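Remarks on the structure that follows.
Source: prediction; values computed, not measured.
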Amino acid sequence: MFIIDTISNFAKSVIIKKIYMEYNFNEIEKKWQKYWKKNKTYKTEIDHSKPKHYVLDMFPYPSGAGLHVGHPLGYIASDIYARYKKQRGFNILHPMGYDAFGLPAEQYAIQTGQHPEKTTKKNISRYREQLDRIGFSYDWDRQICTCDPKYYKWTQWTFIKLYKYYFNNVTQKAEPISDLISKFERSGNLDVDAASDPIHEFTAVGWRKADEREKQEILMKYRLAYLSETMVNWCPKLGTVLANDEVKEGYSVRGGYPVVRKKMNQWFLRVTAYAERLLRGLDKIDWQDNLKEIQRNWIGKSEGATIFFKIKDSEHSIEVFTTRPDTVFGATFMVLAPEHELIKEICTEDYKQNVNEYIEQSFKRSERERMAETKSVTGQFTGAYCEHPFTKEAIPIYVADYVLAGYGTGAIMSVPAHDSRDHLFAKKFNIPIKKVVDGPDIEDESYDGTEGTMINSDFINNMDVNTAIKTVTEKLENSNLGKYKVNYRIRDAIFSRQRYWGEPFPVYYKEGIPYVLDEKELPLELPKVDKYLPTESGDPPLARAKNWKTKDGYPLDFNTMPGFAGSSAYYIRYMDPQNDKEPVSKEAVEYWRDVDMYVGGAEHATGHLVYARFWNKFLYDIGVVVEDEPFKKLINQGMIQGRSNFVYRIKGTNKFVSYNLKKNHDTIPVHVDVNIVDSDILDVEAFKKWNPEYKDAEFILEDGKYICGWEVEKMSKSYHNVVNPDDLIDKYGADTLRVYEMFLGPIEQAKPWDTNGLEGAFRFIKRFWRIFHDEKGNLDVSSEKANKEELKLLHKTIKKVNEDIEKFAFNTAISTFMTLLNKLYELNCNKEEVLKPFVVMLSPFAPHISEELWCKLGHSNSVVFAEYPKYDENYIEDDSVVYPVSFNGKMRFKLEVDAGTEQEEIKKLVMEDEKSKKWIEGKDVKKIIVVPGKIVNVVV
RNA sequence: GCGGAUGUGGCGGAAUUGGUAGACGCGCUAGACUUAGGAUCUAGUGCCGCAAGGCGUGGGGGUUCGACUCCCUCCAUCCGCACCA
């Protein structure tokens, strides 16, 4: 007790000190973080006596802005899971690293001339500081960093392998190019069924006659990493080419700069070769269904047929792909994509000018424009006709940009009666519409369905659609007019970037022909350049490097690899990060195998998660890894949204009106820094200081307070709603932050951040601390045996928490802890028999306080190594059951009976009960339903 | 347009397999201890109603003794893909 008769700062500081004496999270957290580091508590080694469990976070790009509270959400979840699994007897691999190549550092380098490595290193150490304060159980000795030459050596190594392998469609796996060469030498490419660019057939003689350049050109069409000229998404502002998924609505995803289409020579990865395996692999892995669906969509498999339409008065034919070969008799015109190579050849003199103009026009239209006009169709007749494969009728050929060059064959047979876009086109150009599937009227709208029988269709008349598809396809194959075909929407990934801050290609050019370096020469390190910009002649920044040549003097490639190169196989390097002889040792990969639990953002659904699966499958084929799929289970954490606060400025003044009074004024909402708002009440003085503009601001208050409005938005600097974890840790401690982030709601769901709620988690942690102590702050734990009720509570908690952690439902696990703690206070229970297992259970969530209490309870080893409490169902058996008794489904009262009471007996008890009378009065009891252990329902 | 998800108090969210809707927490109200409290504790808190009671899980309909949960339909919000032949 202390008596203070005047208010003084001294008194306050004494009181604050007292609170800190109770639970000084600052000191405790620092102490244990130091302990973990010193004792290498989280060091992981291969241990064949234990089952392995690999828990992985998507590694971050270390941006200059540091972490906000949304970033660690997934890390906290996976950390809890990893710590829990460890206490359950697993040997845990739980590493962290950095995806360190990337545009922002390079942009910064362009602006300041500072080497991106320098900024990257600085950002990494800032990230590390922030991560360390949250108390993660990473084995930092395994840290990797994609921009480290020791790491990217293996990215380059894999590229060389991809270059030296092709995909055999028959075996459905990657095989060495050298095997392909021996096949060519034996019998040309006649017997080869491999993933390749379009290629003409050649014989063994043809192969042997070819010179080096021709041979290399042929091989290039088969390699899994290949150089090819294509239309690319060129971003002039960034001076680089972007992959399709890096472009959104005609603008770059990073930076938001315009993107145009341009023809260039680029490195590609033949991802399409693995399309079927990428698709089938999804059935074997435990990912959220919506995510698998996105990937299926992305791969875009469709079955159908290719059909050749012979062009009149020409050698050529047009190959089309269709999923509806049954409608072939309804094809009344053909459409080629503007990029189609045959257009120039077949176009007649009369139409040449119009066609050329149309093509030019459509090239000019950006992706965005093309998308905006999906309702209208444009096109141009070429003057040419082709022949229907069965009826031999003449069919006009059009060019139109609703047909995409990159999908199927870039040409379609148009069946206006049964395809809505074709219908639109036919109407516009007055082309006949021929109905071939019996069904709804097709005058105003096409009938795209597959219910109905064939009409006007020669040999398939009266068949149903599915039989017709089969019959037509067979006929096409038998008469060499076409064949069965599976088509995929997924495209090969462009792998070159005209940037500096990425992995250099281990490629040199000899007489213009590309060759890869010998593996022994890796890593090929990034050279120094004077500027991080393209050269005056438009070459990428690497062209500025002095002596950018092999030791024999051949020029090296100027491109660097894209962001997904370094992130595609990082999980493998964590298994054996220091190995400089091979990507991963046999022993390590055979022990750790694959990632058991992968946690990260859903924004990588189509990028990283497709490329990494592709990359892994290739490494599997060449025997580097032992699992075909890299990520067995995957959880997407939802975004944490910001909760913005607003003040309402009366138009044309510097006067602000409180939220509930604003309707009386003409106001504009202004974002205000959430850090000067508490429970939506504005700190008026802080507001005045916040921005010089507001230093003379006036306020119209309500109840003496200024109430702010609020809205859920993205967490962003520009909305002034960013909350920094460091500030919260200073104020509440890391354990509170961890508990609160998990308590917020289901991990997969997007949810708004609200700092006010943090108090609840803080109270829980403080109450947890206090139950171990007396008023003086001394440890006070009873060694008395726990009674039946207490044990029942404990074991119910163990059961529920186990179930919840296994399914990543941390929010309900925490509320279970809160309930247990509340009950223990009610029961006045501070018995070690209950509290000890409680500490162990809570330690994955709040590791620092748990370590401290564990230590205080007399343990010399870290709680990390403690055994997880075992659930015993004998403790939770009840002697009696409380039945909710409902009448017509509405619960009216509760009835306690002994466990094991017969149903008939329960019915009798209910009917005899005083409280029942009121509800039965004047009505007939029709039926009584007793669900054992659950409920009684009386139907009246 | 196609595909997917979500909709529950003032707020974040619970609810096993169809069986007590609103656990747990925030906020709020009242009180206790206090010179004081951004500490702690106690009680209350879905809505309407003095009460008895009634109404309540986006709207409407259905199945069932019983529906947040299953079925049909409509609406809203979010995400992914976007002329995919």
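A heavy-atom distance below 4.5 Å is not found between the side chains of F762(A) and L758(A).
Atom name P, nucleotides rG9(B) and rG22(B): the rounded distance is 14 Å, in whole Å. Taking atom P in both rA82(B) and rC74(B), one finds a spacing of 27 Å when rounded to whole Å. Between rG62(B) and rG66(B), the distance separating the two C1' atoms is 15 Å to the nearest Å. Here, rG80(B) and rU29(B) have their C1' atoms 46 Å apart, quoted to the whole Å. A distance of about 7 Å separates the C1' atoms of rA21(B) and rU57(B), rounded to the whole Å. Going from the P atom of rU35(B) to that of rG13(B) covers 42 Å, rounded to whole Å. To the nearest whole angstrom, the two C1' atoms, one in rC2(B) and one in rG25(B), are 40 Å apart. Of the P atoms belonging to rG56(B) and rC68(B), the separation is 10 Å, rounded to the nearest Å.
What separates CZ of F25(A) from C1' of rA39(B) is a distance of 13 Å, to the nearest Å. rU6(B) atom C1' lies 13 Å from atom CD of Q288(A), rounded to whole Å. In this structure, K799(A) atom NZ and rU16(B) atom P are separated by 13 Å, rounded to whole Å. Rounded to whole angstrom, the span from the CZ atom of F764(A) across to the C1' atom of rU40(B) amounts to 17 Å. Atom pair I294(A):CD1 and rA82(B):C1' shows a separation of 14 Å (rounding to whole Å applied). Rounded to whole angstrom, the span from the OH atom of Y398(A) across to the C1' atom of rA85(B) amounts to 18 Å. Residue L404(A) contributes atom CG, which lies 10 Å from atom P of rA82(B) at whole-angstrom precision. When rounded to the nearest whole Å, the span between CH2 of W287(A) and P of rA5(B) equals 18 Å.
Regarding contacts with the backbone of rC84(B), a side-chain N or O of R421(A) is found under 4.0 angstrom from either OP1 or OP2. Taking side-chain N and O atoms only, Q749(A) has a distance below 4.0 Å to OP1 or OP2 of rG13(B). Under 4.0 angstrom from either OP1 or OP2 of rC81(B) there lies no side-chain N or O belonging to R296(A). Contact between the side-chain N/O atoms of R489(A) and the OP1/OP2 oxygens of rA85(B) is not found at any separation under 4.0 Å.
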Can you tabulate the close N/O pairs, meaning under 3.5 Å, that link protein atoms to atoms of nucleotides 24-31 of chain B?
from	atom 1	to	atom 2	distance (Å)
rG25(B)	OP1	N822(A)	ND2	3.0
rC26(B)	OP1	R763(A)	NH1	2.4

Tabulate atom names and distances for all N/O pairs under 3.5 angstrom spanning the protein and nucleotides 63-70 of chain B.
from	atom 1	to	atom 2	distance (Å)
rC65(B)	O2'	N937(A)	ND2	3.3
rC65(B)	O2	N937(A)	ND2	2.6

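In rG9(B) the O4'-C1'-N dihedral to the base is within 90° of 0, which defines a syn nucleotide.
Between rU40(B), rG13(B), rA21(B), one nucleotide has an atom nearer to the side chain of N811(A) than all others, and that is rG13(B). The side chain of R892(A) approaches rG54(B) more closely than any other nucleotide in the set rC55(B), rG54(B), rG19(B). Distances from the side chain of I935(A) to the nucleotides rU20(B), rG4(B), rA85(B) place rU20(B) closest.
Looking at which nucleotide of RNA chain B each of D289(A) and W710(A) is closest to, the 5′-most match is held by D289(A). Comparing L744(A) and I412(A) by the nucleotide of RNA chain B whose heavy atom lies nearest to each, the residue mapping closer to the 5' end is L744(A).
Separation of the F25(A) and Y732(A) ring centroids does not fall under the 6.0 Å cut-off. The ring of H773(A) has its center no closer than 6.0 angstrom to the ring center of Y23(A). In this structure, the ring of F425(A) has its center less than 6.0 angstrom from the ring center of Y398(A). Proximity of the aromatic rings of F768(A) and F817(A) is defined here by a centroid distance below 6.0 angstrom, and this criterion is not met. A centroid separation of 6.0 Å or more is found between the aromatic rings of Y488(A) and W298(A).
Side-chain contact check for R489(A) and N297(A): no donor-acceptor pair (N or O, by modelled atom type) lies under 3.5 Å. Between the side chains of E319(A) and T409(A), no donor-acceptor pair is found at a separation under 3.5 Å.
With respect to D678(A) and K705(A), no salt bridge is recorded, no charged nitrogen being found less than 4.0 Å from a carboxylate O. Between K807(A) and E803(A), no side-chain nitrogen of the basic residue sits less than 4.0 Å from a carboxylate oxygen of the acidic one, so the salt-bridge criterion is not met. Between K301(A) and E276(A) there is a salt bridge, with a side-chain nitrogen of the basic residue lying less than 4.0 Å from a carboxylate oxygen of the acidic one. Salt-bridge check for K823(A) with E826(A): failed, with every basic side-chain N at 4.0 Å or more from each acidic carboxylate O.
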Where do D727(A) and K731(A) land on the salt bridge (charged side-chain N to carboxylate O under 4.0 Å, His left out) test, with the steps shown first? CA-CA 6 Å; D727(A) 298 343; K731(A) 219 165 149 188; over 6 Å; no

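No engagement by D419(A) is indicated, since no non-hydrogen atom pair under 4.0 Å with the nucleic acid exists. Residue contacts shown for R643(A) are absent, as no nucleic acid heavy atom lies under 4.0 Å away.
Judged by distance alone, with hydrogens and angles left aside, K894(A) brings a side-chain donor or acceptor within reach of the base of rU20(B), the pair sitting under 3.5 Å.
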Dot-bracket for RNA chain B: what is it, with Watson-Crick or G-U pairs under 3.5 Å, [ ] where a pair crosses earlier ones, and | for a pair to another strand? (((((((..(((......[....)))((((((.......))))))(((....)))..(((((..]....))))))))))))....

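The residue from D754(A), T755(A), V723(A), D680(A) that alone fulfils the side chain to side chain contact (heavy atoms under 4.5 Å, CB included) condition with V674(A) is V723(A).
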